[in-house]
Amino acid sequence: MGLMFLCYLDDLSDREARGFDPWQEGRDSVFVVRKGDSVYGYFDSCPHLEGMPLPWRKDAYLDAAGQEIVCAAHGARFNIVSGACFIGPCKGQSLTPVPLTFSEDGRILARLEELTITPGRAD
Amino acid sequence: MNIIGPDSLVFGVDDIEACTQYLTDYGLESVGEGRFEALDGTSVVIRSKDDASLPPPLETATQLRKTVYGVADQKVLDDIEAELSKDREVKRLSDGSLESVDDMGFTLGFQVSVRKSLSMAAEAVNAPGAPKQRDVNVIGAEPDADPRPRTLSHVVYFVPDHAKAEAFYADRLGFVTTDRFTGVGPFMRPAGTEDHHTLFMIQTPPHMKGCEHFTFHMGGPTEVMQAGTRMVNKGYQSFWGPGRHIFGSNWFWYFKSPLGCNMEYDADMDLHDESWKAREAEIGADTSQVFLFQHREKWAPTGPPPPNKA
Ligand code: FES
Ligand SMILES: [Fe+2]
């Protein structure tokens, strides 16, 4: 498993986020956010309680204005571009990025082979 | 001080529409002006985070703006006003309620309680050897039941100084500590209720200060399961549960919410009076990790961690 197809850039509108379940576990474990023509990928795991997925319902990763990533459990807020938490229980910590590649035909692919850590593991 | 318990929690939220849908789906009744009521009239109130009528926000991410306590009568309100006025401002609002702050900076309100007395049966169970609670030919499982939250039960705060916070509620407002996690914080009940706790506080670094969760009492464990399943079926994501707590014995199921904190269903909490001696449990030296550790322990069964693909 090297590159994992997530979705097309055109599937996402500006300031839209979407979760994916690349390991078919029955719940999303990574998500992407589109901001302008850029897309950012992160593990769906809050640094406050590692392994805890962020949204209160599927794909609800952003605040109402689509400006920030939010963890619904205790309201931590993260910068979309850097993944850094700037207010909330994990202030100063960051989401773990998922490296992405964009194909010429507009596909968003996760470079899973580069992953050396997986949030949610206690070890 | 005959404080009965929380009458209302007021939030300044980011997404009114999402919160409205969420609180309605949770089972509260929308009665207008952002108020969502349980069967006894206790409530959650949501307003836009920019609403100038709200008390100022804490400096953290929390969206909780005010905890409003219901008290027995006007005399209790007067007593609270006299007590808190000794060292802080107490406002009398146009609706007759009081507004002040606790020692951690959480805004508090006090009003003559809006709680209506309920007359409803609890979940009835039978067990071999015990007198019958549910009669012959009365069916226990109702797949179509649509359980409603009965009353606002408790709120849980992250606080930067649990000892100081506990002392405020005990010494100034007459709350009693029913149990305590050493170095973490107390479970407290005000004098006007037998419930094990209406307030639980958890020691955290100051930047975490805020509401961890709050909950409404349901009619029994089955209602917790059915209401929680109703949430899952509507697409809401569980935070922790279902399960049963040790301190308080309440059944629980927590859900993440667009209010920036978790929202729980609970049922069948222990009741206590003055003869109860508070228990104390050690959970560990690193108090900021205790909470994490507990959750990881408990919530693992709801879904396996991602496999390590490295
Ligand atoms: S689990 Fe994300 S803020 Fe607490
Ligand atoms: Fe609780």
Side-chain angles (χ1 to χ4, degrees), chain A residues 1-2 4 19 21-30 43-60 62-68 70-78 85-93 110 112-123, chain B residues 11 13-19 21-22 25 48-49 58-64 158 204-213 231-232 234-240 254-263 288-289 291-297 299-300 302-310:
Chain A
M1 180 192 306
M4 165 75 75
D21 180 11
W23 293 290
Q24 317 253 312
E25 302 163 272
R27 73 155 180 88
D28 294 343
S29 53
V30 303
F43 278 100
D44 189 358
S45 169
C46 183
H48 176 215
L49 296 176
E50 203 162 285
M52 176 58 65
L54 277 65
W56 51 277
R57 68 157 187 240
K58 179 157 172 55
D59 299 338
L62 303 181
D63 68 330
Q67 306 274 11
E68 295 154 2
V70 179
C71 176
H74 308 111
R77 286 171 183 255
F78 306 85
C85 174
F86 56 90
I87 191 168
C90 39
K91 186 174 174 181
Q93 296 175 267
L112 299 179
E113 82 280 5
E114 289 178 25
L115 301 178
T116 53
I117 49 159
T118 321
R121 298 287 292 192
D123 49 1
Chain B
F11 289 82
V13 303
D14 169 51
D15 193 336
I16 295 264
E17 204 182 317
C19 291
Q21 184 70 50
Y22 182 91
D25 286 343
S48 162
K49 64 181 192 302
L58 292 177
E59 59 282 7
T60 62
T62 195
Q63 298 182 32
L64 177 66
F158 286 139
T204 62
H207 68 268
M208 291 175 62
K209 191 164 75 173
C211 179
E212 198 287 318
H213 76 267
M231 291 294 275
V232 169
K234 287 178 190 284
Y236 298 112
Q237 299 207 350
S238 172
F239 174 76
W240 183 25
Y254 298 81
F255 288 84
K256 288 174 281 182
S257 86
L259 285 78
C261 63
N262 292 299
M263 202 166 162
S288 65
Q289 293 297 306
F291 190 59
L292 161 66
F293 178 71
Q294 278 200 311
H295 277 262
R296 176 177 277 157
E297 277 282 297
W299 114 122
T302 66
N308 195 337
K309 295 287 171 180

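Heavy-atom basis, side chains included; hydrogens, waters and symmetry copies ignored. Proteins come first, then strands; the chains are lettered A, B, ... in the order of their sequence lines, and each starts at number 1.
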List for me each residue that meets side-chain hydrogen bond (donor to acceptor under 3.5 Å, both in side chains) alongside Asp28(A), sequence neighbours excluded, and say none if there are none. Lys58(A)

Quick one: list whatever passes side-chain hydrogen bond (donor to acceptor under 3.5 Å, both in side chains) with Tyr236(B), sequence neighbours left out.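 With sequence neighbours excluded, Tyr236(B) shows a side-chain hydrogen bond (donor to acceptor under 3.5 Å, both in side chains) to Asp25(B), given in chain and number order.
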
Heavy atoms only: give me the nearest Gly88(A)-Ala61(B) pair and the separation to one decimal.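 Heavy atoms of Gly88(A) and Ala61(B) come nearest at CA-CB, 3.7 Å.
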
Judged by atom type as modelled, is there a donor-acceptor pair below 3.5 Å linking the side chain of Lys256(B) to the main-chain atoms of Pro53(A)?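 Side chain of Lys256(B) to backbone of Pro53(A): a pair is present.
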
Any chance you could measure [X], atom [atom1], to [Y], atom [atom2], to the nearest 0.5 Å?
X: His213(B); Y: His74(A); atom1: NE2; atom2: NE2; answer: 9.0 Å
X: Asp15(B); Y: Leu62(A); atom1: CG; atom2: CG; answer: 11.0 Å
X: Gln237(B); Y: Met52(A); atom1: CD; atom2: CE; answer: 10.0 Å

Look at Ala65(A), Ala72(A), Cys71(A) and state which one has the largest set of heavy-atom pairs under 4.5 Å with chain B.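 So the answer, after comparing Ala65(A), Ala72(A), Cys71(A), is Ala72(A).
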
Could you go through the side chain to side chain contact (heavy atoms under 4.5 Å, CB included) check for Leu49(A) and Phe239(B) one step at a time? CA-CA 11 Å; Leu49(A) 296 176; Phe239(B) 174 76; 3.5 Å; yes

Go through Gly210(B), Cys211(B), Ala18(B), Gly235(B) and name the one with the most non-hydrogen pairs under 4.5 angstrom from chain A.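 Max contact count across the listed options: Gly235(B).
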
Looking only at Glu17(B), His207(B), Met231(B), most heavy-atom pairs under 4.5 Å shared with chain A are made by His207(B)

Which atoms of Glu59(B) are under 4.5 Å from chain A, going by heavy atoms: the side chain, the backbone, both sets, or neither?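 Contact with chain A: backbone only.
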
Under a 4.5 Å heavy-atom cut-off, does chain A meet the side chain of Thr60(B), its backbone, both or neither? backbone

Close side-chain approach of Asp14(B) to Arg77(A), heavy-atom, < 4.5 Å: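 Answer yes - side chains close enough.
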
Can you confirm whether Met208(B) sits close enough to His48(A) that some side-chain heavy atom of one is under 4.5 Å from a side-chain heavy atom of the other? yes

